[in-house]
Colleague: 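To start, I am sharing the structure in question, which I have written as structure tokens.
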Number of protein chains: 2
Amino acid sequence: MSEVSQGGRQPTIREVAAHAGVSPMTVSRTLAGGVNVRPDVQQRVLAAVRELGYHRNENARSLRPGQASGLIGVAITNLGNPYYGNFALGVEEVAAEYGRRIVLGNTGEDPARERQLIADFIGRQVEGLVLVPSGGASDHLQPERLGDIPIVLASRRVYGLDVDAVLLDDVGGAYRGTRALLDAGHTRIGFLGNVRSVFTGQRRYEGFARALAERGIEPDPDLVQREQQDVESARDAMRRLLDLDDAPTAVFSSNNRNTVGALKEIGRRLKAGADVSELPAIVSFDNFELAELMPVPVAVIDHDARQLGREAARLLLSRLGGVDRRGPARLVEMPVTLAPSSTD
Amino acid sequence: MSEVSQGGRQPTIREVAAHAGVSPMTVSRTLAGGVNVRPDVQQRVLAAVRELGYHRNENARSLRPGQASGLIGVAITNLGNPYYGNFALGVEEVAAEYGRRIVLGNTGEDPARERQLIADFIGRQVEGLVLVPSGGASDHLQPERLGDIPIVLASRRVYGLDVDAVLLDDVGGAYRGTRALLDAGHTRIGFLGNVRSVFTGQRRYEGFARALAERGIEPDPDLVQREQQDVESARDAMRRLLDLDDAPTAVFSSNNRNTVGALKEIGRRLKAGADVSELPAIVSFDNFELAELMPVPVAVIDHDARQLGREAARLLLSRLGGVDRRGPARLVEMPVTLAPSSTD
DNA sequence: CTGTTAGCGCATTCAA
DNA sequence: TTGAATGCGCTAACAG
């Protein structure tokens, strides 16, 4: 009968050593790959490990100089958003490929929470950080304040912070999406977006406005709704747009949450008897499942959140190799694709 | 000028102590709440902490007997699925409320990966585990093998493993969903589900079959498709169902992925000119965004993944209090609601 | 090839 | 109220 973990406490390297009749160092060496340990001794050690259910204490291990913790801190604004779920998945995958684990925190767009999380991550000796910044001040993110732990920003950048970042081609995507609407003959185009302080919101508005400007159209303030963070408020904003005397014939939605809110409002109106022809066409920055089944045409500015996560993790891990640990900040801008609603 | 982290290394308690002109113990006491430290000394210490950018090393701290790591290990089958993203969010929220952080791993339904992840989590001295089990053998999950670290299973149970679990009312939900189809006059009802080894797949099929049996209907093997794990294969399965000479007039889909796949196939047929009246009604176990906008009626067996996560975390944390650390296994079954497609 | 010594950062215990 | 000694689990450096 094996005698796993009698006391509820984890067995230590010393207990394994005693069990195998060797010194702790021999156990350590065996677990580190077995260099300079006789094969038969290794077998004895490994048998003892199995019998006792021993797991090397990574925390104690990382205490030694030169031993990294194997942890990556990941702080995300909203895990409940499928977009960020996929992003986290991408980070996790690449981290796992490199033997790292992720410690995950949700900031909920709250800068104070972000600050706490990062402080905690540092205390846990993470090797690096991946952050979707929630906006606001950047002082706690300066490299010195992080003890020179590498950080990669994702989706958004922070003004005045010169670190690696992975962004989308927000401006270009929004520009092309808006152009598509203009080319289809729309001139009154609504805009649904984030609060101004959100980096992507700003950039996507920029692409939107640029496309209009090229056609000599000044954005109508009534048609620009920029304060929505969730589906409910997005729906309200869409309602306001559609209730205008001179309602837009098309709407540019600058993210997932706004698109879903807008479509919910459209669904309500259809059920209330509205005719599809009265309802606006939509271009959505961010894809979503089943977009092709929507009752109004929804073109999608698509991109792969998981790839974004993978790229962020790759940037970060490249800083851990030691070579370019302190190289100049790199900016990766991932392409987006504009797909009409009919494709799948 | 403050002199944060000169060498790229994190400052230690000793450096803070030297900076403040006290002993390391005084720093430790101050950070632990400040009992038996003179207020003015505390101020000096805290000033030194700020100036040096000191973060207590949680790994070293947890090395001391009686000090927990503050980590919860969470292993999920697929973070990319919005359902599990929300689940993870729920776990994270409650963990954070109790000062815990989560270490997250994605198993991808791979038992080997699950085993590695859990071994790693134990090595990181997690205080507890939350697991969406990927099926298969359960030996590595037995309490002794986990060194008596509390574990909570979510969504699925593992045969032969008597530990805390949070489940949905799979059987009841599937039963009621199927009943609703029967009451609407359907007698040929298709079933889209998971591979047999998945716990929820089994349970949901059970509810489905029970409802049919009550009406004296034997499930037609042609109508039962149970091998789909992703959207693509679900779509193929739906295609097979609809291509039958005697195609079903309604389909029960036992999860999110299957529902999306089924709807994609429906979308394809609509675009190819099919008439809505020829297409089956759908009941979906698992809600999804914009279900109310689908071209065919989709009733939804809904539940809150985030709540499921919160409940799992609560169960786990109650085991960490020390009181009922070793009480009998508890089973929480969360209710589900059946909502017709017309509601929002 | 194997073992001994020492110390990583911290907090408990004991002494002052 | 403060500090010194000690050891948590592990492994680099050295000795054998």
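Treat the numbers as computed from the prediction; the structure is a model and nothing was measured. Labels below follow one simple rule: chain letters A, B, ... track the order of the sequence lines, proteins then strands, and each chain is numbered from 1.
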Colleague: Grab the CD1-C1' distance between A:Ile13 and C:dG3 for me, whole Å please.
Modeller: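 Atom-to-atom, A:Ile13 to C:dG3, this comes out as 13 Å.
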Colleague: Are B:Thr12 and C:dC8 close enough that a side-chain N or O sits under 4.0 Å from OP1 or OP2?
Modeller: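 So the side-chain polar atoms of B:Thr12 never come under 4.0 Å of the phosphate oxygens OP1 or OP2 of C:dC8.
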Colleague: Give every pair of a protein N or O atom and an N or O atom of nucleotides 13-16 of chain C that lie under 3.5 Å apart, one pair per line with the distance.
Modeller:
none

Colleague: Excluding sequence neighbours, so at least two apart, what forms ring-ring contact (aromatic ring centres under 6.0 Å, His included) with A:Tyr83?
Modeller: A:His303
Colleague: Could you tell me how far apart B:Gln10 (CD) and C:dG9 (C1') are, to the nearest whole angstrom?
Modeller: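 Computing the B:Gln10:CD to C:dG9:C1' distance gives 12 Å.
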Colleague: Below 4.0 angstrom, which residues in residues 55-70 of chain B have at least one non-hydrogen atom near DNA chain C?
Modeller: B:Arg56, B:Asn57, B:Ala60, B:Arg61, B:Leu63, B:Arg64, B:Gln67
Colleague: Angle between the two end axes of the helix from C:dC1-D:dG16 to C:dA16-D:dT1, five base pairs per end, rounded to 10 degrees?
Modeller: 40°
Colleague: On DNA chain D, which is the earliest and which the latest nucleotide, 5' to 3', with an atom closer than 4.0 Å to a heavy atom of chain B?
Modeller: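 Span of nucleotides near chain B: D:dT1 to D:dG9.
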Colleague: Is it the case that over 12 heavy atoms from other parts of the model lie below 6.0 angstrom from the CZ atom of A:Arg330?
Modeller: yes
Colleague: At their closest point, which heavy atom of A:Ala165 faces which heavy atom of A:Arg157, and how far apart are they?
Modeller: CB-CG, 3.8 Å
Colleague: On the nucleotide C:dG9, are OP1 or OP2 found under 4.0 Å from the side-chain N or O atoms that B:Arg14 carries?
Modeller: no
Colleague: Identify, with sequence neighbours excluded, every residue that meets ring-ring contact (aromatic ring centres under 6.0 Å, His included) alongside A:Tyr54.
Modeller: none
